[in-house]
Number of protein chains: 4
Amino acid sequence: MALDAVGHTEDKTSGVAGDRLRALVDRIERLEEERKALAGDIKDIYGEAKSAGFDVKVLRQLIRIRKQEPAEVEEQETLLDVYRHALGM
Amino acid sequence: MALDAVGHTEDKTSGVAGDRLRALVDRIERLEEERKALAGDIKDIYGEAKSAGFDVKVLRQLIRIRKQEPAEVEEQETLLDVYRHALGM
Amino acid sequence: MALDAVGHTEDKTSGVAGDRLRALVDRIERLEEERKALAGDIKDIYGEAKSAGFDVKVLRQLIRIRKQEPAEVEEQETLLDVYRHALGM
Amino acid sequence: MALDAVGHTEDKTSGVAGDRLRALVDRIERLEEERKALAGDIKDIYGEAKSAGFDVKVLRQLIRIRKQEPAEVEEQETLLDVYRHALGM
DNA sequence: CAAGAATTATGAACCC
DNA sequence: GGGTTCATAATTCTTG
């Protein structure tokens, strides 16, 4: 618990730690708003892609693959093949 | 890599690890089928409710609330403290 | 509105529609409990698989693929290749 | 299939649709970078808060509550109440 | 069928 | 550093 920060003996109605807390909360909420806006922008682009005839699910997969290390991609694809063959697929 | 599991020296066309994999996959798929069946049953009940004149959306909301209400009990005391401390009380 | 069902002139403290509602809620909650239990069982199996040296993420992918129609699998894989090539990957 | 988008009659090695795809991917990846940067900033603030003696977990909880509290206001006066009363809740 | 909520899966962070 | 919980991302289901 944050007793050090807000729990005690400052002046009664929003001590210095309360102010500090408020400031932190404000900054976080501000940044989260920006984050949310960006998320909206990204969603819009996927919508655009869809309208242009791209398959959104595959597009997401593509983005995901590009984020990984090539070696890692290769490994997972190989492993999947191993499992598929083990099941005769 | 999961070479320990399927990658090597068993007999060629579905080694002991292949069998193990198959068994796991079978069990998972069996359980998922049951899960799907239950989902269907639940859906049927909502259909029944609708026929009886209940508002399905609100009914779902009710079920949701009842599910999360117990959890919120213990969340209370902590939150109360948070608010009290933030106000220097 | 579901006034026909619970809104009015039955006896005050849980009319016949109230009883009906209660029965529906009970049945739904019962089935959802079973569903949750199954989800737990499935999770356990994935844990087992992990202990046996299988890559859980790839295993999930395998299950997902088996759930799709083969034609659909083929199509998505093809499409991904098309996109990758289009980007020179 | 999204043949309209990249599958056919453009010039061979990255047709006009390939360019379109590339542009979409670039924009998405650009925005995701910004998103990631913001996530880092937020994380830093939580670190700051921790150094100042605040309980990070509770702080996150506070932020979460502040986010969802406005939404819950309008949830009030619906049929939900009717049903809850029907169950004696 | 498109938009949005809700569940489920993946990824990150924290504690031990 | 390994496992467990918590946060975010993605898919699925519902509803209009």
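Remember, predicted model here, so these are calculated numbers, not experimental data. No hydrogens, no waters, no symmetry mates; every other heavy atom, side chains included, goes into these values. Residue numbering restarts at 1 for every chain, and letters A, B, ... go by the order of the sequence lines.
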A/I63 CD1 to E/dT10 P: how many Å, rounded?
18 Å

Is D/R64 close enough to F/dA7 that one of its side-chain N or O atoms is under 4.0 Å from OP1 or OP2 there?
yes

Between E/dC15, E/dA6, E/dG11, which nucleotide gets closest to the side-chain atoms of D/K50?
E/dC15

For A/K67, answer base if it contacts any base atom (sugar-phosphate contacts may also be present), sugar-phosphate if it contacts only those atoms, and nothing otherwise; contact means non-hydrogen atoms under 4.0 Å.
nothing

May I ask you to verify if any side-chain N or O of D/K57 is less than 4.0 angstrom from the OP1 or OP2 atom of F/dC6?
yes

Closest-nucleotide ordering on DNA chain F, the 5'-leading residue of D/Q61 and A/Q61
D/Q61

Taking for C/A39 and for A/Q68 the nucleotide of DNA chain E with the nearest heavy atom, the one nearer the 5' end belongs to C/A39

Are the aromatic rings of A/F54 and C/Y83 close, with centres under 6.0 Å apart?
yes

What is the distance from NZ of C/K43 to C1' of E/dT8, rounded to the nearest Å?
11 Å

Separation of E/dA9 C1' from A/R60 CZ (nearest whole Å):
14 Å

Reckon D/R35 has a side-chain N or O less than 4.0 Å from the OP1 or OP2 of F/dA9?
yes

Charged N to carboxylate O below 4.0 Å: is that the case for A/E48 and D/R20?
yes

Is the closest basic N to carboxylate O distance between D/K67 and A/E32 below 4.0 Å?
yes

Under 4.0 Å between any heavy atoms, over every strand shown, what does D/V56 touch: base, sugar-phosphate, or nothing? Just pick one.
nothing

Atom CD of D/E32 and atom C1' of F/dA10: how far apart are they, to the nearest Å?
12 Å

